[in-house]
**Q** 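I'd like to ask some things about the structure below.
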Amino acid sequence: MKTQAYHKGNVREDLVEAAEQILQEEGLAALSVRRVAREIGVVPSAVYNHFENREALLAAVAADGYHHLEKLVGKLEGSTTEPELLLRQMARGYLQFAAENPNLYRLMFSAEMVAIRIHPALEQASDSTFGRLAEWWYGPGSFDPKASAVKYPYALSIWSLMHGAAMQMIDGLVAVDMTRKPAINKLADAVVGVLIGGIREALPKNT
């Protein structure tokens, strides 16, 4: 990784970008305030002008991941008016995001991040991402971030399905070549196909 030049005025964005790159290439254990500062060419104390501590920096990185997911959903929403096709495309895009950013994805949904949702930017970003999916199902203005996710069973079901498939994929619990989009798309199509078609007819019959 090459050390970036310090550009006054965008150091916060540079810090988040450098942290994401370290996370992507070396994992969470390598991500420290001192290391991120060195990557963009500032002294460690300069980091604390923007982030109170490492936890706050991680929260910003996770929030950025949620923003990427929200943009993905927004981009796909304009690609087709066919709901079933859009749902399949969202599942493909979601799993591709996880495959391309496994360490970031793990961070976003880690117990550590859940514990620090008190950071406003992280809470808003995660709520906004789920809210985008919920409003696709239930209509604009229908999502209440203070309400329980079970209020939105359809959105919760598809998110739970995609998240479970993503975690199994990046943890190697299902055999998927994450370097090949067709393989990722096949997994997405399989799990979403079951959700759309239902499993009642496939349930084991009583003997």
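Because the structure is predicted, anything quoted here is derived from the model rather than measured.
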**Q** Can you list everything that forms a side-chain contact (heavy atoms from CB on, under 4.5 Å) with Leu85? Sequence neighbours excluded, please.
**A**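 Leu85 satisfies side-chain contact (heavy atoms from CB on, under 4.5 Å) with Thr80, Glu82, Gln89 once adjacent residues are dropped.
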
**Q** Apply side-chain contact (heavy atoms from CB on, under 4.5 Å) to Ala125 and list each qualifying residue two or more places apart in sequence or on a separate chain.
**A**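 With sequence neighbours excluded, Ala125 shows a side-chain contact (heavy atoms from CB on, under 4.5 Å) to Ala63, Tyr66, His67, given in chain and number order.
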
**Q** Once salt bridge (charged side-chain N to carboxylate O under 4.0 Å, His left out) is applied, what residue pairs with a partner in residues 144-165 remain, sequence neighbours excluded?
**A** none

**Q** Please step through side-chain contact (heavy atoms from CB on, under 4.5 Å) for the pair Asn103 and Leu28, ending with a clear verdict.
**A** CA-CA 7 Å; Asn103 290 333; Leu28 184 59; over 6 Å; no

**Q** Can you give me the closest heavy-atom contact between Ala18 and Val36, atom names plus distance?
**A**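 Reported closest heavy-atom pair: CB-CG1, 4.2 Å.
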
**Q** Filter on salt bridge (charged side-chain N to carboxylate O under 4.0 Å, His left out), then keep only pairs touching residues 42-52, sequence neighbours left out; what's left?
**A**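 Found none.
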
**Q** Kindly say whether Ile40 contributes a backbone atom to a donor-acceptor pair with the side chain of Asp14 at under 3.5 angstrom?
**A** no

**Q** Pairs under 3.5 angstrom only: tabulate donor-acceptor contacts from the side chains of residues 179-186 to other protein residues two or more places apart or in another chain.
**A**
unit_1	atom_1	unit_2	atom_2	d
Thr179	OG1	Asp177	OD1	2.5
Thr179	OG1	Asp177	OD2	3.4
Asn185	OD1	Gln96	NE2	2.6
Asn185	ND2	Lys181	O	3.4

**Q** Taking only residues two or more places apart in sequence, or in another chain, which ones meet Asn53 in a side chain to side chain donor-acceptor pair (under 3.5 Å)?
**A**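 Counting only residues at least two positions away or on another chain, Asn53 forms no side chain to side chain donor-acceptor pair (under 3.5 Å).
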
**Q** Could you tell me if the side chain of Gln21 sits less than 4.5 Å from the side chain of Gln24, heavy atoms only?
**A** no

**Q** Over all heavy atoms of both residues, which pair between Arg34 and Pro44 is shortest? Give the atoms and the distance, please.
**A** NH1-CG, 3.8 Å

**Q** Could you pull out every donor-acceptor pair under 3.5 Å between side chains of residues 161-175 and any protein atom, sequence neighbours left out?
**A**
unit_1	atom_1	unit_2	atom_2	d
His163	ND1	Tyr105	OH	2.6
Asp171	OD1	Arg106	NE	3.2
Asp171	OD1	Arg106	NH2	3.2

**Q** Report the distance from atom CG of Asn10 to atom CZ of Arg12, rounding to the nearest 0.5 Å.
**A**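 Answer rounded to 0.5 Å: 12.0 Å.
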
**Q** Would you list the pairs meeting side chain to side chain donor-acceptor pair (under 3.5 Å) in which at least one residue belongs to residues 152-162, sequence neighbours left out?
**A** Tyr94-Trp159

**Q** Side chains of Leu133 and Val73: does their closest heavy-atom pair fall under 4.5 Å?
**A** no

**Q** Report yes if the side chains of Leu57 and Leu31 come closer than 4.5 Å at any heavy-atom pair, otherwise no.
**A** yes

**Q** Are Phe51 and Val33 close enough that some pair of their side-chain heavy atoms sits under 4.5 Å apart?
**A**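 A side-chain contact is absent here, since even the closest heavy-atom pair is not under 4.5 Å.
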
**Q** Quick one: salt bridge (Lys or Arg N to Asp or Glu O under 4.0 Å) partners of Glu100, sequence neighbours excluded?
**A** none

**Q** For the residue pair Met108 and Leu69, establish whether any side-chain heavy-atom pair is separated by less than 4.5 Å.
**A**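 In contact.
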
**Q** Taking all atoms of both residues into account, what is the closest heavy-atom pair of Ala60 and Val16, and its distance?
**A** CB-CG2, 4.1 Å

**Q** Do Leu86 and Ile196 share a hydrophobic cluster, counting only Ile, Leu, Val, Met, Phe, Trp and Tyr and linking them when any side-chain heavy atoms are less than 4.5 Å apart?
**A**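 Yes, it is one cluster - the side chains of Leu86 and Ile196 are joined through contacts under 4.5 Å.
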
**Q** Between atom CD1 of Ile158 and atom CE of Met90, what is the distance when rounded to the nearest 0.5 Å?
**A** 7.0 Å

**Q** Is the shortest side-chain heavy-atom distance between Leu15 and Val47 below 4.5 Å?
**A** yes

**Q** How far apart are the closest heavy atoms of Ala91 and Val192, and which atoms are they?
**A**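 Heavy-atom minimum between the residues: CB-CG2, 3.2 Å.
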
**Q** Can you sort out the partners of Pro145 under side-chain contact (heavy atoms from CB on, under 4.5 Å), two or more places apart, ordered by chain and number?
**A** Asp127, Phe143

**Q** Which residue pairs pass the salt bridge (charged side-chain N to carboxylate O under 4.0 Å, His left out) test when at least one of the two sits in residues 83-92, sequence neighbours left out?
**A**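 Sorted result for residues 83-92: Glu84-Arg88, Arg92-Asp189.
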
**Q** Report the residues that fulfil side-chain contact (heavy atoms from CB on, under 4.5 Å) with Ser128, sequence neighbours left out, ordered by chain and then residue number.
**A** Glu70

